[in-house]
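A short write-up of the structure that comes next.
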Amino acid sequence: MLELQSLHYQAATAPEPVLRGASLTLEPGQPSLVAGRSGSGKTTLLELISGLADPQRGAILWNGSPLNARQRRWLCGLVFQFPERHFLGLTVGQELKLGQRRLASEQIERVLAQVGLAGLPLQQAPERLSGGQQRRLALAVQLLRDPKVLLLDEPTAGLDWSVRGEVLQLLNQLSRERVLLVVTHEPELFEGVVDRRRAWRLEQGTLRTMP
């Protein structure tokens with residue numbers, strides 16, 4: 001179980017805090033969702049959870065124990081809204097193996113099939129993939145790390161309807177054994193996929209349950 005307790009965060013260059021006491025409890029088994037307009041702090045929230053930033057006040061706990069930034073980076077996998085900006089490998093195979101000393105070809109094949117990329121040539125350059133394929137490749141990279149918490153930043157943004165449907169179908173499967181949190185400015189796309197009891201809206205720096 002992941003708990004956010006009264007998180008406060010204000011960037012050094014920002015005139016106002018982005019988060020003002022945001023609290024949340026997330027459990028594995030079903031996907032969870034945080035909705036909010038652009039600029040509301042959704043990506044900042046993911047950066048705090050994943051250990052890329054630290055809150056000025058508040059705590060982030062896993063199964064009741066507080067975590068520092070380094071521990072959160074090990075615990076979490078974050079898929080960015082524009083994953084192509086973060087690819088480091090020259091090929092799909094290199095991208096999948098980054099940070100992995102021992103990685104069996106069977107593991108790679110299994111994860112690629114899991115995200116709908118079975119048979120993808122490993123020698124292909126990531127930048128030559130479609131937007132939907134790049135999103136799923138970034139997801140495969142994180143799944144190979146087997147994170148306890150999976151964070152998805154606008155996973156359906158910019159994708160056509162058929163690819164969006166494929167991404168949505170993955171969410172329940174991926175959340176069965178881990179905490180999975182989606183942030184989006186289009187919560188209506190996730191109706192029927194995310195239980196409203198697991199959905200919140202980020203407004204004025206605080207999290208409120210969806211009506």
Minimal non-hydrogen separation, P28 against E177, with atom names = CB-C, 4.3 Å
Closest approach of L152 to P155 (non-hydrogen atoms, all atoms of both residues) = O-CD, 3.9 Å
Within a strict 4.5 Å, meaning less than it, do heavy atoms of the Q5 and I60 side chains meet?
-> no
Find out whether L52 and L46 are in side-chain contact, i.e. whether some heavy atom of one side chain is under 4.5 Å from a heavy atom of the other.
-> no
Q56 meets the side chain to side chain contact (heavy atoms under 4.5 Å, CB included) criterion, sequence neighbours left out, with Y9, Q10
Could you walk me through whether L75 and I49 pass side-chain contact (heavy atoms from CB on, under 4.5 Å), step by step?
-> CA-CA 9 Å; L75 183 76; I49 295 173; over 6 Å; no
Report the distance from atom CG of L170 to atom OG of S175, rounding to the nearest 0.5 Å.
-> 10.5 Å
Note: F80 and R135 closest approach over all heavy atoms is O-CD, 4.3 Å
Flag side-chain contact, heavy atom, 4.5 Å: R201 against P187 = yes
With respect to L143, which candidate in L112, L96, V111 satisfies the side chain to side chain contact (heavy atoms under 4.5 Å, CB included) definition?
-> V111
Evaluate the side-chain proximity of R196 to M210: yes if any heavy-atom separation is below 4.5 Å, no if none is.
-> yes
Does a side-chain heavy-atom distance below 4.5 Å link T156 with E186?
-> yes
Any side-chain hydrogen bond (donor to acceptor under 3.5 Å, both in side chains) pairs touching residues 63-74, not counting sequence neighbours?
-> D54-R72
Not counting sequence neighbours, list each pair that qualifies as a side-chain hydrogen bond (donor to acceptor under 3.5 Å, both in side chains) and has a residue in residues 19-35.
-> E16-R20
Run the side-chain donor-acceptor check on residues 122-129: report pairs under 3.5 Å with partners two or more places apart or on a different chain.
none

If you group Ile, Leu, Val, Met, Phe, Trp and Tyr by side-chain heavy-atom gaps below 4.5 Å, do F190 and L181 land in one group?
-> no
Side chains of L33 and R198: closer than 4.5 Å at any heavy-atom pair?
-> no
Closest non-hydrogen contact found for L202 with G41 is CD2-C, 3.5 Å
Give the cluster check for V179 versus V167: same hydrophobic cluster or not, with ILVMFWY residues linked at side-chain heavy-atom distances below 4.5 Å.
-> no
Can you check side-chain contact (heavy atoms from CB on, under 4.5 Å) on L45 and L19, steps first, answer last?
-> CA-CA 8 Å; L45 181 68; L19 299 177; 4.1 Å; yes
With the 4.5 Å side-chain cut-off for hydrophobic clustering, are L171 and W200 part of the same group?
-> no
Rounded distance (nearest 0.5 Å) linking atom CD of Q94 with atom NZ of K97 = 8.5 Å
Which pairs pass side-chain hydrogen bond (donor to acceptor under 3.5 Å, both in side chains) with one or both residues in residues 41-50, sequence neighbours excluded?
-> T43-D153
Which distance, rounded to the nearest 0.5 Å, do you find between the CG of N172 and the CG of L180?
-> 9.0 Å
Polar side-chain atom of R178 near backbone of P147 as donor-acceptor pair, under 3.5 Å | yes
Where V194 and A199 come nearest, the two heavy atoms and their spacing = CG1-CB, 4.5 Å
V115 versus L137: any side-chain heavy-atom pair under 4.5 Å?
-> no
R145 (side chain) donor-acceptor with C76 (main chain) under 3.5 angstrom | yes
Does R110 have any side chain to side chain contact (heavy atoms under 4.5 Å, CB included) partners at least two apart in sequence or in another chain, and if so, which?
-> Q107, Q114
Hey, any chance L2 and V79 share a hydrophobic cluster, counting ILVMFWY side chains that come within less than 4.5 Å of each other, even indirectly?
-> no
So F87 and V141, side-chain contact (heavy atoms from CB on, under 4.5 Å) or not? Walk me through it.
-> CA-CA 10 Å; F87 289 146; V141 170; 5.5 Å; no
To the nearest 0.5 angstrom, please state how far the CG atom of L174 sits from the CD atom of Q142.
-> 12.0 Å
Co-membership, hydrophobic cluster, residues L67 and L150, 4.5 Å side-chain = no
Trace of the side-chain contact (heavy atoms from CB on, under 4.5 Å) decision for V34 with T184 | CA-CA 7 Å; V34 169; T184 181; over 6 Å; no
Is any side-chain heavy atom of V182 closer than 4.5 Å to a side-chain heavy atom of L151?
-> no
Considering all heavy atoms of both residues, which atom of L7 and which atom of G58 are nearest to each other, and what is their separation?
-> CD2-C, 4.0 Å
